[in-house]
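Below is one structure; the comments refer to it alone.
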Amino acid sequence: MKTRKHIAILGSTGSIGQQALEVIESQPDHFVVEVLTANGNADLLIKQAIHFKPNAVVIADEKKYQHVKNLLSKYDIKVFAGNESISQVVQMASIDLVVTAIVGYAGLQSTLSAINAGKQIALANKETLVVAGELVTTLAKEKGVNIYPVDSEHSAIFQCLAGEFHNPIEKIYLTASGGPFRGKDSNFLASVTKEQALKHPNWSMGAKITVDSATLMNKGLEVIEAKWLFGLDPKQIDVVIHPQSIIHSIVQFKDGSMKAQMGLPDMKLPIQYAMAYPHRLASSFPRFNFLDHPQLTFEQPDKKTFRNLSLAFEAMKVAGNMPCIMNAANEEAVSAFLSDKIKFLQISDMVEKCMKKISFINKPSYEDYVATDRETRVIAQEFLS
Ligand code: NDP
């Protein structure tokens with residue numbers, strides 16, 4: 001690359017955001033930080049801003065604006081507050097690429113805004129594609145925007161597709177570690193705690209995605225994400241449990257050949273690939289050694305016990321606003337589980353109830369998604385009372 005890419009990181013204080021900053025720091029000839037945003041973690045945002053000296057920062061929580069502003073007053077850094085500001089700042093002319101690392105539905109508006117402004121996207125915020133995949137991908141095509149996947153499974157597929165432009169995909173296999181409760185039955189799951197759910201065997205991630213990994217909803221969200229990223233029919237997408245998380249996903253072509261992408265579980269690699277595409281930059285990420293992993297194993301996911309995965313396949317097939325309903329219900333359910341308001345197995349109950357209750361819309365507009373998300377959260381809360 002001749003010039004450095006100017007990067008905006010939405011959600012820089014989160015797990016993906018912080019790792020994206022580590023990548024940028026390790027590749028100073030290639031990347032420079034242009035914008036950082038956080039929700040409420042003002043102290044970390046300030047620390048990051050002082051270290052990376054971005055052009056602008058945004059704190060979504062407006063109550064923290066003055067604190068951030070005061071502490072950054074001696075630096076040449078613009079400070080804004082509120083979610084609307086995130087959507088405006090991503091359109092700054094100086095930004096080349098936006099890393100969307102806000103968690104959940106909250107990331108949709110700013111992602112659409114970045115695409116509208118023609119910014120290239122490194123997409124971590126899978127919920128954006130789950131909720132409004134058709135809208136997002138259609139807009140991206142219209143604006144000539146590439147969406148580079150950050151999710152390790154989708155990055156794997158994207159890497160396997162390099163050089164295969166004219167060869168249609170027959171099928172993809174998304175691999176899943178199975179999470180901390182792999183092999184457990186409903187009796188066991190009935191009494192698991194949030195502390196147990198938050199202990200992922202292979203990955204260290206934000207709380208929401210870690211619980212989603214334990215319920216297999218994360219894989220369900222990824223199935224829908226893959227549909228939109230790679231233009232697939234639901235029948236072309238399968239999930240296989242691979243507890244070691246070494247093979248990150250697999251593409252099968254029409255001659256029966258399969259390509260897989262492998263590596264140690266480390267999100268910095270897919271983050272860097274998405275930011276540097278089409279280049280592979282030299283890195284010091286730890287290397288995989290076959291002899292340390294003499295066995296790579298595979299099994300069927302238990303969709304009966306981990307019902308969220310079946311619900312996600314169902315939502316994908318029904319389409320319309322159903323994935324949006326599923327996503328909002330899941331966000332509310334995970335949040336309720338993390339605040340000890342519901343038990344682990346009730347997460348799927350809540351998602352299923354909302355999917356049955358909220359009105360279906362076949363061809364939703366952006367406004368329909370906003371209304372669906374809002375309505376679902378209200379209904380989900382009613383289940384709690
Ligand atoms: P975290 O919870 O660690 O971080 C979320 C980030 O989003 C934080 O910066 C947070 O700010 C910000 N944020 C949260 N809510 C809002 C809001 N309402 N408005 C504005 N900003 C907000 O999440 P992760 O980094 O784990 O995940 C981010 C996304 O990446 C998710 O969609 C996840 O599915 C996806 N992903 C994550 C992976 C991982 O390894 N972590 C792997 C693959 C995909 P604050 O810190 O101030 O609260």
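Numbers here are sequence positions counted from 1. Because only heavy atoms are used, hydrogens play no part in the values below, and waters and symmetry mates are left out as well, while side chains stay in. Just so you know, ligand 1 is whichever comes first in the structure, and atom 1 is the first atom listed for that ligand.
- Of the possible donor and acceptor atoms, none in the side chain of N218 sits under 3.5 Å from a partner among the backbone N and O of I209.
- H67 pairs by the side-chain contact (heavy atoms from CB on, under 4.5 Å) definition with A42, D43, I46, L71, not counting sequence neighbours.
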Put together the list of close N/O pairs, under 3.5 Å, between ligand 1 and the protein, could you?
residue, atom, partner, partner atom, Å
ligand 1, 3 (O), S15, N, 2.9
ligand 1, 9 (O), G11, O, 3.2
ligand 1, 9 (O), T13, N, 3.4
ligand 1, 9 (O), T13, OG1, 2.7
ligand 1, 9 (O), G14, N, 3.1
ligand 1, 11 (O), T13, OG1, 3.3
ligand 1, 11 (O), N39, N, 3.0
ligand 1, 19 (N), N83, OD1, 3.2
ligand 1, 25 (O), S15, N, 3.1
ligand 1, 25 (O), I16, N, 2.9
ligand 1, 26 (O), G206, N, 2.9
ligand 1, 30 (O), A124, O, 3.4
ligand 1, 32 (O), E127, OE1, 2.6
ligand 1, 41 (N), S15, OG, 3.2
ligand 1, 46 (O), T13, OG1, 2.7
ligand 1, 47 (O), T13, OG1, 3.4
ligand 1, 47 (O), N39, N, 2.9
ligand 1, 47 (O), G40, N, 2.8
ligand 1, 47 (O), N41, N, 2.8

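- With no hydrogens or angles considered, a side-chain donor-acceptor pair links Q91 and S113 at under 3.5 Å.
- Between N41 and T13, the side chains place no donor N or O within less than 3.5 Å of an acceptor N or O (distance only, hydrogens not considered).
- For N55, the side-chain contact (heavy atoms from CB on, under 4.5 Å) partners two or more places apart in sequence, or in a different chain, are E34, K78, M92, S94.
- Every residue two or more places apart in sequence or in another chain that forms a side chain to side chain donor-acceptor pair (under 3.5 Å) with K219 is listed here: E153, E222.
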